[in-house]
Amino acid sequence: MRLDSKPWFFIALVTVAIGISYFDRQALPVAISAIQRNIPISDAQFALLQAAFLATYALLYAGGGKFLDTIGTKVGFAISMAWWSVACALHGFARGLPLLVLARLLLGMGEGAAFPAATRVVAEWLPTNQRATAMGIINAGTALGSVLAPPLIGLILLLGSWRYIFFFAAALGLTWAAGWLVVYRQPAEVALLDPVIEAARIPWLQLLSSRRVLGMVGAKFLSDSAWFFCLFWLPKYLYDARGFDIKHVSYFAWIPYAASGLGSFAGGWFSSYLLRSGRSLNFSRKLPLGLSAALMPAVILVPHVSVSFALLLFSIAFFGQQSWSGLIMTLPTDVFPLSSVGSVAGLIGFGGALGGAIFNLAAGQLLTYGAGYGTLFAVVGSLHTIAFAILLCTSGVLRPPATNLEVIAAGI
């Protein structure tokens with residue numbers, strides 16, 4: 001299989017962008033212990049901060065997908081990155097909770113277009129049998145940002161104020177946005193879309209009534225409820241329930257996030273391998289999705305084991321979650337025409353972020369009023385299996401859009 005260097009160079013750039021986005025969203029949870037020395041933040045208020053990010057992230061995920069389908073990948077992605085980088089810097093100026101809430105709202109707005117943009121880059125440049133691998137690599141960017149966050153933030157805290165963390169992150173993002181505008185190009189054929197595929201452009205409201213789209217949205221709602229809880233609360237769980245300090249979090253909290261990066265790559269590689277081996281698109285996507293979902297119940301045991309074994313269980317679950325995440329975000333590129341890929345990816349991401357926002361708020365309230373982490377991990381560990389069952393019941397047989405136009409046009 002010959003790999004053209006230009007598409008994979010763009011995939012690498014997008015992976016870096018996703019890494020920056022996850023570093024930015026993780027900066028507050030990892031640095032929360034230091035921030036609380038200046039700004040008192042309760043469990044319920046911490047949950048509010050994460051829900052504020054996820055609420056606007058959800059809305060702009062859906063709107064951002066449509067925005068990218070309209071304005072294009074190059075300019076749309078640069079605007080998104082610049083916006084959330086400025087919002088990240090705003091965290092560093094906060095003297096109280098209100099400005100932190102505003103900064104989280106703005107951060108979510110900017111980051112909402114990131115994954116729809118990534119999905120469009122994959123659809124623009126790569127054939128079907130390479131897309132899962134590409135999305136797996138891009139999704140590994142989430143691990144890149146999350147792995148670097150604890151040690152880098154710990155180093156910055158040792159050298160100076162927690163405020164410098166957000167200024168550093170903003171500078172990275174603005175530099176990337178400027179570079180993207182200079183180097184990104186669409187393939188020539190995208191400018192003149194195949195008229196048969198273009199004729200299948202699906203109205204946005206029709207997408208909202210599609211059983212297949214709603215199934216993907218529902219599955220992402222449940223799976224990201226689990227993911228965003230683990231993502232945002234893992235450092236706090238280690239602080240609160242395991243007695244970690246910032247040094248221990250810097251040393252150990254990166255391990256599950258590194259496993260998530262391996263899962264992102266492994267899930268995409270395995271799915272692409274199945275396709276190259278002659279398996280159907282339907283089988284090549286659904287088998288890895290099912291195997292990925294089967295790993296998440298590992299977190300149910302976390303409160304009942306030693307801290308070292310708990311980190312192993314988190315790592316298994318994070319591996320499965322990010323394998324799942326890369327694959328489910330590949331599905332829009334598989335079965336919908338390019339003219340609707342951003343919109344469908346945006347709706348799926350909207351469902352995930354909305355689930356994360358609701359579950360984060362619920363988690364904060366449950367912890368405030370006496371429920372333990374054991375209850376929360378029991379729920380989190382069951383959500384992916386339910387999500388996979390929903391996908392099986394609603395997605396039908398997955399086929400490329402060129403052989404699936406009647407189904408697409410009907411919005412089924």
Next item on the list: Applying side-chain contact (heavy atoms from CB on, under 4.5 Å), run through Val217 and Lys220 and close with a yes or a no.
Entry: CA-CA 5 Å; Val217 171; Lys220 193 81 161 122; 5.9 Å; no

Checklist line | From CA spacing to verdict: side-chain hydrogen bond (donor to acceptor under 3.5 Å, both in side chains), Glu124, Thr73 | finding: CA-CA 9 Å; Glu124 287 174 2; Thr73 309; 2.7 Å; yes

Between [X] (side chain) and [Y] (backbone), is there a donor-acceptor pair under 3.5 Å?
{"X": "Thr133", "Y": "Ser272", "value": "no"}
{"X": "Lys74", "Y": "Leu181", "value": "yes"}
{"X": "Arg104", "Y": "Ala52", "value": "no"}
{"X": "Ser260", "Y": "Tyr257", "value": "yes"}
{"X": "Thr175", "Y": "Ala171", "value": "yes"}
{"X": "Ser210", "Y": "Gln206", "value": "no"}

If you compare all heavy atoms of [X] against all heavy atoms of [Y], which two are closest, and at what distance to 0.1 Å?
{"X": "Pro40", "Y": "Gln45", "value": "O-OE1, 3.6 Å"}
{"X": "Cys230", "Y": "Val380", "value": "SG-CG1, 3.9 Å"}
{"X": "Ala27", "Y": "Ile165", "value": "CB-CG2, 3.8 Å"}
{"X": "Ile156", "Y": "Ser161", "value": "CG2-O, 4.0 Å"}
{"X": "Gly110", "Y": "Trp84", "value": "O-CE3, 3.4 Å"}
{"X": "Ile386", "Y": "Leu222", "value": "CG2-CD1, 3.6 Å"}

Next item on the list: For Arg131, check salt bridge (Lys or Arg N to Asp or Glu O under 4.0 Å) against everything at least two apart and list the hits.
Entry: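 By the salt bridge (Lys or Arg N to Asp or Glu O under 4.0 Å) rule, Arg131 matches no residue at all.
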
Compare all side-chain heavy atoms of [X] with those of [Y] and state whether any distance is below 4.5 angstrom.
{"X": "Asp24", "Y": "Phe166", "result": "no"}
{"X": "Thr330", "Y": "Val122", "result": "no"}
{"X": "Phe53", "Y": "Met109", "result": "no"}
{"X": "Leu49", "Y": "Ile41", "result": "yes"}
{"X": "Asp240", "Y": "Tyr373", "result": "yes"}
{"X": "Leu28", "Y": "Leu100", "result": "yes"}
{"X": "Thr368", "Y": "Ser42", "result": "no"}
{"X": "Val379", "Y": "Leu376", "result": "no"}

Are [X] and [Y] an aromatic pair by the rule of ring centers under 6.0 Å?
{"X": "Trp233", "Y": "Tyr237", "value": "no"}
{"X": "Phe377", "Y": "Phe314", "value": "yes"}
{"X": "Phe168", "Y": "Tyr164", "value": "no"}
{"X": "Trp324", "Y": "Phe319", "value": "no"}

Checklist line | Residue pairs passing the ring pair (Phe, Tyr, Trp, His ring centres under 6.0 Å) test where at least one lies in residues 350-370, sequence neighbours excluded | finding: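 Residue pairs with at least one partner in residues 350-370: Phe229-Phe359.
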
Next item on the list: Go through Lys236 and Asp43 one step at a time and tell me if the salt bridge (charged side-chain N to carboxylate O under 4.0 Å, His left out) criterion holds.
Entry: CA-CA 9 Å; Lys236 201 165 192 311; Asp43 281 342; 2.4 Å; yes

Note to self: If you apply the rule side-chain contact (heavy atoms from CB on, under 4.5 Å), what do you find for Leu126 with Ile11, and how did you get there?
What the structure shows: CA-CA 10 Å; Leu126 294 172; Ile11 295 301; 4.1 Å; yes

Notebook entry, point to check: If you draw a 6.0 Å radius around CZ in Phe167, do more than 12 non-hydrogen atoms from other residues or ligands fall strictly inside?
Noted result: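 Count over threshold, so yes.
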
Next item on the list: Could I get the full list of side chain to side chain contact (heavy atoms under 4.5 Å, CB included) partners for Phe221, not counting sequence neighbours?
Entry: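 In terms of side chain to side chain contact (heavy atoms under 4.5 Å, CB included), with neighbours along the sequence ignored, Phe221 is linked to Ser225, Leu354, Ile358.
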
Notebook entry, point to check: Phe77 pairs by ring pair (Phe, Tyr, Trp, His ring centres under 6.0 Å) with which of Phe67, Tyr184, Trp176, Phe115?
Noted result: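 Exactly one candidate clears the test, Trp176.
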
Next item on the list: May I have the step-by-step check of side-chain hydrogen bond (donor to acceptor under 3.5 Å, both in side chains) for His91 and Arg163, ending in yes or no?
Entry: CA-CA 7 Å; His91 289 69; Arg163 302 180 189 278; over 6 Å; no

Next item on the list: Check the side chains of Arg211 and Thr394 for a donor-acceptor pair under 3.5 angstrom, ignoring hydrogens and angles.
Entry: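 Note: Thr394 and Arg211 side chains miss the donor-acceptor criterion.
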
Check: Do Arg25 and Gln50 have side-chain atoms, one donor and one acceptor, less than 3.5 Å apart?
Finding: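 No, because no side-chain N or O of Arg25 sits under 3.5 Å from a partner of the opposite role on Gln50.
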
Notebook entry, point to check: Quick one: does NZ or CZ of Arg279 land under 6.0 Å from the six-membered ring centre of Phe283, within 45 degrees of the ring axis?
Noted result: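 Ring-cation test returns yes.
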
